[in-house]
Amino acid sequence: MSEQAPLHEVRPTTQRDIPERFIPVPIVEKGHTFASVTDQISSIVLKKKTPIGWWIGFGITFALVQVLMVTLARVVFGGIGNFGINHPVGWGFDIINFVWWIGIGHAGTLISAILLLLRQDWRTSINRFAEAMTLFAVASAGLYPLFHTGRPWYAFWLFPYPNTMGLWPQFRSPLMWDVFAVSTYATVSFLFWYVGLIPDLATLRDRARSRIGQTIYGMGALGWRGSAKHWSRYEHAYLLLAGLSTPLVLSVHTIVSFDFAVSVIPGWHSTFFPPYFVAGAVFAGFAMVLTLSIPIRKIFKLQDFITMKHLENMGKVMLATGLIVFYAYIMEAFFAWYSGNVYERYMILNRQHGPYKHMYMMLIICNGLAPQMMWVKRFRTSATMLFITAMFVNVGMWLERFVIIPTSLSRDYLPSSWGTYHGSPWDWSMFVGSIGLFLCLLFLFLRLLPMISIFEMRTMLPEADVHEAEA
Amino acid sequence: MSQIGVPTPEQRVASTGIGRWQTPALVIGVIGAVLSIIGLVVDPLQFSRSYLPSYLFWFEIAAGALTVQMLQYITGGEWGLMIRRPLGAAGRTLPWMALLFIPVILGMKHTYPWTNAELVRTNEALSKTTHYLNPTFFIVRAAIYFAIMIGLSLLLRRYARQFSETRSPYVDVHRRGLSAAGILVMVLLLTFVSIDWQMSLEAGWTSTIFGISFVVSCGLSAFAFVVFLLSRLAMTRAMAEILRPSHLRDLGNLTLAFIMLWAYTSFSQFLLVWYANLKEEIPYYLKREHGVWGWIAAILIVFHFFLPFFMLLMRSIKDRASTIGVLAMIILVMRYVDIYWLTAPSYYGQTFRYSWMDLTTLFGIGGLWVWLFIVQLKGQTILPIHETWVEEALREGAVRHA
């Protein structure tokens, strides 16, 4: 081991040969140069013929968007009675899916903002599409409360503005806090994503062959010339937006959890809800990033950039947040018993043995047991196992919201007001349609914009690593 | 290199001089203990009520240190190297903390409402949880908690020894595996500690976030304690050339994160209880916002959150040992105030009370604890110099610094 070896490679050990498992996996595979990185990522957008798989995927998801359109038309003309909601279950699929989608969006913000501030380099190759995923997830989420109002054309009444009707929002309602939290979240996430795109849009502008490509990417690049001043301003803006996004990761889902926790319904009123929801959101989000990135890296041959190190790290985050969620399930059950409160005790018995007991059982399997596979390094470093675990979590997080919402609402304090709930066909078509919208937007994004940050990937290469002494 | 951390003659000279605090700590501890014992004879009720918050304050530091020690094994980073030895020493005081828990058990009938058979019969919630809240099971659980914590700290110690002997990366991997599982165990364990020792003081009151709030408080206490210690050692010969502003800044940022988590969990609990306004829950805060307790709550908001929050945002404060030391001291004092505010109104109700025994027990346990801590820390280098890449990290640091 020479004296000059870089610090991070020096691991003094009495064993001469370091076993392979202790050699760090690189963030970018070996053999890449600045040019090869730029070529490979930008060519997906600029040169390559659209793969047939893209057309099939886009076609299917675009068809699902039409299902969404029909559903929305039905709901607007026929009213929200088309959904399965009733008395006493006034909140059903709409809020379940809203919370599910908002949660999924959280991984994008966490990866882009918090991991940036924590100087976690591995975020670089996944942050761009994770942020895009955030935007599309928030768009899908936003549909639900909007159409649940029944009169979406009056949705602007939710904002406090001086008007002749003497109408003013109820600021004591967490649903109002949601309006501000989610709209702020959408705005900041969009700005963050767009600002990060500017240098790459300029690269695309410079490399585009077609006139139309040059014009559109050129407009998007906002006159970026890559001067030192531009870079300096860019770095400042990006860090500032990262700082702004960080509290949003916590605040949005905290406020979503308040929607339930401020009430007095057993199973909703739990002081642990804020951190539990935030952890659940990150958990769901990382599962979705894995669900998307595993096929994408294979289809577009990006294994050099999205390496096993990325997948493994995401598996670790999924395990950690999954454990917090599992802790919450244990605490809910323990405190229901410990409180000695008859309603709290019934709530947990109803979950385990009531009409929705299968949901609860599947929830424990999907969110409680399946992520435990991530303790094993062999599973954490297998794309197939990661994908399977992530699919379990995707389903599990949806079930979690179902277990919380209709199970508690359908049987609260008074047995005389108990009821049952199940989603109507329109509930299901809207759910499937919103998945279609999310994936359709994602397909467009993959084809039209660089899915990995080109300029940030270049900084990951060894040749970009200029030591202080040499500088 | 067979013995972990035995300093070379050269390092022995460059000592932190921490041993000179040993005797004063013992003297304070013994005086506090003697006065407290007098208190016990004069007024056993008051003694028990004073002993619990004082004990919890020092327990939080020890248990928090064990948890943070495992955290830094998992995450790595130079900040962990700077505090690894003090954390280990604080964690190894836990066997003595188990001994110091005996007065809590003996005074149980003065503090915990569920020991009162008459009350248990009439209180609906208490009558349903007698399987859990009864003196025998309470003692058994405490024994299990201490056994696990002591076991973990001994295992960590053994791995450290093994590593210094073999320097095998496999030992490091095992240690990280133990730490990952250990943190999980500690979070569950401290949750139940908080339910048993603190929450059960309020008959029939529950809050699901209470356990996490307690875990965060333990972490915060441990960070504040080691930051304070480092700030005192910064000027000594052993540390002066090693401790850099960036280390203090990293530790300051972590303390800031814990301050924010503490505020987040505390505020979430308050907001949700206040908003729902349920008769089972709201009395907890009605007591604690009344009279002097209300002023203490305001002090906590300002000095346990806003002041450290804004000060820890500033680099000029984080980077300097003298300023961050003062801040760490403020946080430690506030930890005690918070524990007292959470504990004491459970038995005094709306009336504020503070006895001389609260002080004697605090300093009695504290003096003994600090003495034990120094015994554990003394005789080894303040940095784990035989650990992986420490020498290189230091050399690199020195070069960059020059």
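Proteins get letters first, then strands, A, B, ... in listed order; numbering begins at 1 in each. Just so it is clear, the model here is predicted, and its values are computed rather than measured.
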Task: Approximate separation, where rounding is to 0.5 Å, of B:Ile209 CD1 and A:Met331 CE - done: 12.5 Å
Task: Stepwise side chain to side chain contact (heavy atoms under 4.5 Å, CB included) test for A:Arg172 and B:Tyr275 - done: CA-CA 10 Å; A:Arg172 277 175 291 186; B:Tyr275 204 117; 4.2 Å; yes
Task: Option in B:Glu124, B:Glu280, B:Glu281 with maximal non-hydrogen atom pairs under 4.5 Å from chain A - done: B:Glu281
Open item on the list: Tell me every residue that passes salt bridge (charged side-chain N to carboxylate O under 4.0 Å, His left out) with A:Arg411, counting only those two or more places apart in sequence or in another chain.
Closed with: none
Task: Heavy-atom closest contact (A:Gly340 atom, B:Thr129 atom, distance) - done: N-CG2, 4.5 Å
- [ ] Compare every heavy atom of B:Thr208 with every heavy atom of A:Ser270, then report the nearest pair and how far apart it is.
- [x] OG-OG1, 2.7 Å
Open item on the list: What verdict does the side chain to side chain contact (heavy atoms under 4.5 Å, CB included) test give for A:Thr271 and B:Phe210, after you've listed the backbone C-alpha separation in whole Å, the side-chain angles of each residue and the deciding distance to 0.1 Å?
Closed with: CA-CA 8 Å; A:Thr271 49; B:Phe210 201 81; over 6 Å; no
Task: For chain A, the option from B:Thr265, B:Asn277, B:Leu133 that forms the most heavy-atom pairs under 4.5 Å - done: B:Leu133
Open item on the list: Please give me the minimum heavy-atom distance between B:Lys128 and A:Trp337, naming the atom from each residue.
Closed with: O-CZ2, 4.4 Å
- [ ] Taking atom CZ of B:Phe306 as the centre, report whether more than 12 heavy atoms of other residues, nucleotides or ligands fall under 6.0 Å from it.
- [x] no
Task: Residue pair B:Leu272 / A:Pro274: nearest heavy atoms and the distance that separates them - done: CD1-CD, 3.9 Å
Task: Residue-level contacts of residues 316-328 of chain A with chain B, using a heavy-atom cutoff under 4.5 Å - done: A:Leu323, A:Tyr327
Task: Heavy-atom contact with chain A under 4.5 Å, split by part of B:Leu126 - done: neither
Task: Residues in residues 185-196 of chain B near chain A [non-hydrogen atoms, under 4.5 Å] - done: B:Val187, B:Leu188, B:Thr191, B:Phe192, B:Ile195
Open item on the list: Checking B:Trp262 now: which residues fulfil ring-ring contact (aromatic ring centres under 6.0 Å, His included) with it, not counting sequence neighbours?
Closed with: B:His304
Task: Taking every non-hydrogen atom, the tightest pair across A:Ser263 and B:Ala276 - done: O-CB, 3.9 Å
Task: Side chain / backbone / both / neither for B:Leu278 at chain A, heavy atoms under 4.5 Å - done: side chain
TODO: For residues A:Pro275 and B:Tyr264, report the shortest heavy-atom separation together with the two atoms involved.
DONE: N-OH, 3.6 Å
Open item on the list: More than 12 heavy atoms of other residues, nucleotides or ligands under 6.0 Å from OH of B:Tyr285: yes or no?
Closed with: yes
Open item on the list: For chain B, which candidate among A:Val264, A:Leu250, A:Ile330 shows the most heavy-atom pairs at distances under 4.5 Å?
Closed with: A:Val264
Task: Interatomic distance, B:Gln269 atom CD to A:Phe272 atom CZ [nearest 0.5 angstrom] - done: 12.0 Å
TODO: Under 4.5 Å heavy-atom distance to chain B, tell me which part of A:Phe334 shows up: side chain, backbone, both or neither.
DONE: side chain
TODO: Answer with side chain, backbone, both or neither: which region of B:Leu261 has an atom nearer than 4.5 Å to a non-hydrogen atom of chain A?
DONE: neither
Open item on the list: Is B:Ser200 close to chain A through its backbone or its side chain, or both, or neither, when contacts mean heavy atoms under 4.5 Å?
Closed with: both
